[in-house]
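A note on names: the letters A, B, ... follow the listed sequences, proteins ahead of strands, and every chain is numbered from 1.
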Protein chains: 2
Amino acid sequence: MSVSDDEQYAPPKYAQIVTAIRRKIADGTYPPGSQLPSETALVREFAVSRPTVVRALQVLQLRGIIDREHGKGSYVKAIPPVGEEESSRTGRAVLDRVEIGEGAAVLEAGARPAPANVAGMFGVPEGAPVVMRRVLLSEADEPCELVTAWAPIELAEGTDLGRAQPLTVSIRQHLQGVKGLRFDHVVERLSARHPLPHEIDVFGLSKTAAVLGVVARVFDGSGRVVLVIDVALPGTMHELEDAYSL
Amino acid sequence: MSVSDDEQYAPPKYAQIVTAIRRKIADGTYPPGSQLPSETALVREFAVSRPTVVRALQVLQLRGIIDREHGKGSYVKAIPPVGEEESSRTGRAVLDRVEIGEGAAVLEAGARPAPANVAGMFGVPEGAPVVMRRVLLSEADEPCELVTAWAPIELAEGTDLGRAQPLTVSIRQHLQGVKGLRFDHVVERLSARHPLPHEIDVFGLSKTAAVLGVVARVFDGSGRVVLVIDVALPGTMHELEDAYSL
DNA sequence: AGAGTCAACTCGACAGTACGAGTTAGCGAC
DNA sequence: GTCGCTAACTCGTACTGTCGAGTTGACTCT
């Protein structure tokens, strides 16, 4: 769809209906638990065909905002659950964070020999050079999150990942802009463990403290691991929250 | 849709197309990265209308199996990511597990005064009676997961939650069958912590071991918390895995 | 050889129609 | 009052058809 300078972009009709209904839910016209007008009524209200209304209702259902029951109608769900796309995921948060302005300090960055776990994830020999970027996040001057990002050497070439300066855009935007790289999905592993020596130093933890550890592999569209993100969260300071439909 | 004894259930046409295409992806007819036949070709192949084909392709796209590009066609994605609905979530796993046959031992069950955190989640006073069910899971005779489920007293009435016998169906099925209760969504919190005294006993852990703790609130369709599930996973034995699209 | 045009192909959106299946309320019979 | 039937309402599936917009390759002209 091309838009000339003099024209206003009009969203598809079904999207406009989604927006209108969401607005009415938000302003209390259709409160939680209430029934929406039938499809036939919405056809009249919006002056569109039934398949267009159905499509809008299907979108609302997919987003967990309404339930549709055959023969009965559509109902506003009580509490829109935190949409699964909106819930915080540690790896995604790291990729989308802008270091400048977020209390982030780059502790070190540059080529390093790949430790065994990272080498395995990239499919390179242990000790092969990869680029490492270690960033410490603080809140109210208290260190709270240690992020170590690893990238294959060829991928990091030409980017600022290996420079010990805070990035001015998110990692995702930076790699998209400089390398045309698009991320497809993430696989994260969460564990409870004791801190590593450098974590003990950075956070001032005891050797037996409990740490929430997150190791995330970032895949591009061809199924290749393009980044490994290793995050350490001291257990005394962090809970991760996750919401999902049943 | 009613099915008489002499008739075979036929899935909707669009669902049959989804299944057929998924089978061809799995058997290598359409390998990762390859282009699917055009909509028009699929219309001829399956002898259906174009909106029916489009609907099947939209389902495949929603499931992250294909990408559709306007003007170009549909492409099989490289690695179907673990579907977000298929990834393991601790709370969901507990609700869907059948205790009998799964190495589950019921350690205790019955009415207990609500501890502060549980009381807060149910909106009852601390110390009010609630039903508690504590189950230990073992693998190869080694304890590996301790699950404590809490239910409001009225909800547990008439169910087997307060009986120290393994359930013969999953908790979800049991409450659906006995109470007509339907779960809507779960909000989980994950943390790294040290073990509680009873966890030290059950797992034979040291006082400073790292434990992955999961506390899940289960909501029904009206937004009420109907169950609290508290899971302790010794850090030496467990990682949780989570996959999501970007 | 390069640029522009056009036709054929592709998907996105929309309208209208029809039939089947599930639900509910009203009415009549007992 | 209760039960059964029916009509009206509801959503699920599927079809036919049209138009618009994006992509690509072949052909023509300079």
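Atom CZ of B/R55 and atom C1' of C/dC11 are 18 Å apart (whole Å). For the pair B/Q16 CD and D/dG12 C1', the computed distance is 15 Å after rounding to whole Å. Atom CD of A/E39 and atom C1' of D/dT13 are 12 Å apart (whole Å). If you take CD of A/Q58 and P of D/dA14, they are 12 Å apart, rounded to a whole angstrom. Computed from coordinates, the A/R44 CZ to D/dT10 C1' distance equals 13 Å when rounded to whole Å. Rounded to whole angstrom, the span from the CG atom of A/L60 across to the C1' atom of D/dC11 amounts to 15 Å. Here the P atom of nucleotide D/dG12 and the CG atom of A/L62 are 12 Å apart, to the nearest Å. Atom-to-atom, CG of A/D67 to C1' of D/dT10 comes out at 15 Å; the value is rounded to the nearest Å.
Within the structure, every side-chain polar atom (N or O) of A/S38 is placed at least 4.0 Å from both OP1 and OP2 of D/dC9. Residue A/Y14 has a polar side-chain atom (N or O) positioned under 4.0 Å from OP1 or OP2 of C/dA13. Between A/R50 and C/dG16 there is no side-chain N or O to OP1 or OP2 distance below 4.0 Å. Within the structure, a side-chain polar atom (N or O) of A/R68 is placed less than 4.0 Å from OP1 or OP2 of D/dG12.
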What's touching nucleotides 23-26 of chain D from the protein side, N or O pairs under 3.5 Å?
| residue | atom | partner | partner atom | Å |
| --- | --- | --- | --- | --- |
| D/dT23 | O4' | B/G71 | O | 3.4 |

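A donor-acceptor distance shorter than 3.5 angstrom exists from the side chain of A/T19 to the backbone of A/A15, with no hydrogens or angles considered. In this structure, the side chain of A/E188 does not engage the main chain of A/A216 through any donor-acceptor pair within 3.5 Å. Checked by atom type and distance alone, the side chain of B/Y244 pairs as donor or acceptor with a backbone atom of A/G91 at under 3.5 Å. Judged by distance alone, with hydrogens and angles left aside, the side-chain atoms of A/E39 form no donor-acceptor pair with the main-chain N or O of A/V54 at under 3.5 Å.
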Output a table of donor-acceptor pairs, distance under 3.5 Å, between side-chain atoms of residues 152-166 of chain B and any protein atom two or more places apart or on a different chain; print 'none' if there are none.
| residue | atom | partner | partner atom | Å |
| --- | --- | --- | --- | --- |
| B/T159 | OG1 | B/A156 | O | 2.7 |
| B/T159 | OG1 | B/L161 | N | 3.2 |

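When distances are taken from the side chain of A/P51 to each of C/dA15, D/dC11, C/dC14, the shortest belongs to C/dA15.
Side-chain polar atoms of B/R97 and B/S170 form no donor-acceptor pair below 3.5 angstrom.
Annotation: of the two residues near DNA chain C, A/K13 and B/G73, the 5′-most nearest-nucleotide partner is B/G73. Both A/T52 and B/V54 sit near DNA chain C, but only B/V54 has its closest nucleotide nearer the 5' end.
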Verdict with supporting geometry, A/F219 and A/L227, side-chain contact (heavy atoms from CB on, under 4.5 Å) | CA-CA 7 Å; A/F219 294 81; A/L227 282 181; over 6 Å; no
